[in-house]
Amino acid sequence: MPVRLSLFVLLIAFASGCAASRQLPREQMLRAHAQAQRDSLALLLADERGRQSILRDSLQFYDDIDSGAYERQMRVLTDRIRAYEFQQGGSIAGTPIDTLYADELFEPASATLSSNGTALLDRIRRDLGSTGRIRVEGHADGSPIGPSLRARFDSNWELAAGRAAAVARYLIGGGMDADRFDVVSRGETAPIASNST
């Protein structure tokens with residue numbers, strides 16, 4: 001109803017102004033009136049599309065929350081950010097951190113260093129120098145220990161500890177001072193990403 005009323009008021013105002021001046025021919029007057037109507041309707045349509053877009057976005061947001069899609073998207077983004085931060089290295093209280101992935105260091109399903117892992121640790125040993133504390137942290141994901149590992153490690157805590165100790169042992173065996181090392185197992189408590197990535 002408000003649309004018809006505003007068009008009627010517009011029509012009366014336009015017609016009375018034109019009738020008083022009588023300068024525009026009837027055809028021009030009709031074209032101008034039709035253009036004014038189109039412009040008015042175009043504004044109303046644009047406004048309505050804007051309201052519908054906002055409504056669609058808000059309804060989609062609630063659908064995403066209800067279906068769990070929002071949480072999944074947030075988890076994936078958070079995992080990507082954490083993985084990127086770990087890959088870029090970082091620091092704790094200004095002390096640089098190097099992150100080495102188990103696949104790069106160990107034989108599959110074990111805490112035994114691979115030849116690639118020992119070569120990587122040889123390069124790192126040169127960068128560590130001869131002074132300062134070194135903290136080796138072992139991490140694991142949340143996947144249960146498989147049968148081949150269960151014979152040696154009861155849980156991810158022990159696996160992460162075994163891998164951290166293997167790294168420290170190798171560096172100490174290469175001539176580094178054992179008093180510099182702290183060996184810590186974080187188990188599955190501080191992963192860089194969820195198991196879904």
Side-chain angles (χ1 to χ4, degrees), residues 57-58 60-197:
D57 289 347
S58 66
Q60 183 61 52
F61 176 73
Y62 287 111
D63 284 348
D64 287 350
I65 288 176
D66 288 343
S67 69
Y70 176 78
E71 288 299 322
R72 284 191 299 277
Q73 291 169 355
M74 290 302 293
R75 189 171 43 251
V76 167
L77 290 173
T78 302
D79 288 350
R80 284 184 187 164
I81 290 168
R82 291 181 73 193
Y84 178 75
E85 288 170 348
F86 271 73
Q87 289 168 358
Q88 295 303 308
S91 66
I92 296 176
T95 303
I97 298 171
D98 266 331
T99 301
L100 305 173
Y101 295 98
D103 293 345
E104 297 173 349
L105 292 173
F106 300 98
E107 297 293 337
S110 78
T112 304
L113 289 167
S114 66
S115 57
N116 183 45
T118 57
L120 187 56
L121 290 175
D122 287 337
R123 286 195 303 271
I124 289 171
R125 181 183 6 214
R126 290 188 288 270
D127 295 336
L128 291 174
S130 59
T131 60
R133 304 265 334 136
I134 300 168
R135 180 182 173 103
V136 182
E137 285 189 4
H139 294 258
D141 64 17
S143 300
I145 296 286
S148 62
L149 285 174
R150 190 167 297 282
R152 185 161 176 216
F153 305 106
D154 288 336
S155 71
N156 282 317
W157 283 98
E158 286 84 4
L159 172 60
R163 287 178 169 176
V167 168
R169 265 195 318 272
Y170 183 79
L171 293 172
I172 292 166
M176 296 187 79
D177 185 4
D179 291 338
R180 295 176 63 193
F181 285 87
D182 294 320
V183 178
V184 177
S185 174
R186 298 296 300 268
E188 59 192 61
T189 63
I192 63 169
S194 71
N195 288 345
S196 64
T197 63

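The first residue in the sequence is number 1, and the count goes up from there.
Remark: the Ser155 side chain and the Glu158 side chain contain an N/O donor-acceptor pair separated by less than 3.5 Å.
For the pair Arg133 and Phe181, the cation-pi test (distance below 6.0 Å, angle within 45°) is failed.
Not one N or O on the side chain of Asp182 forms a donor-acceptor pair closer than 3.5 Å with the backbone of Ile134. A donor-acceptor pair is defined here as one N or O able to donate and one able to accept, closer than 3.5 Å; no such pair exists between the side chain of Arg150 and the backbone of Pro144. A donor-acceptor pair under 3.5 Å is absent between the side-chain atoms of Asn116 and the main chain of Leu105, judged by distance alone. Remark: side-chain polar atoms of Ser185 are paired, donor with acceptor, to backbone N or O of Trp157 under 3.5 angstrom.
Leu128 contributes atom CG, which lies 13.0 Å from atom CZ of Arg123 (distance to the nearest 0.5 angstrom). Note that CG of Leu159 is 5.5 Å distant from CG of Leu149, once rounded to the nearest 0.5 Å. The distance from the CD atom of Glu188 to the CD1 atom of Ile145 is 8.5 Å, given to the nearest 0.5 Å.
Looking at every heavy atom in both residues, Leu120 comes nearest to Glu104 through CD2-OE1, 4.0 Å. Here the closest heavy-atom approach between residue Gly132 and residue Arg180 is recorded as O-NE, 2.6 Å. What you find for Ala166 and Leu113 is that their closest heavy atoms are O-CD1, 3.7 Å. What you find for Gly162 and Ala111 is that their closest heavy atoms are C-CB, 3.9 Å. For the pair Ser110 and Thr112, the tightest heavy-atom approach, listed with the atom from each and the gap, is OG-N, 3.1 Å.
Under the side chain to side chain contact (heavy atoms under 4.5 Å, CB included) criterion, Ala164 pairs with Val136, Val183, not counting sequence neighbours. Residues satisfying the side chain to side chain contact (heavy atoms under 4.5 Å, CB included) test with Arg125, not counting sequence neighbours, are Asp122, Tyr170, Leu171, Met176. Residues that satisfy the salt bridge (charged side-chain N to carboxylate O under 4.0 Å, His left out) test with Asp154, not counting sequence neighbours, are absent from this structure.
In this structure the side chain of Phe106 never reaches within 4.5 angstrom of the side chain of Ser114, judged on heavy atoms.
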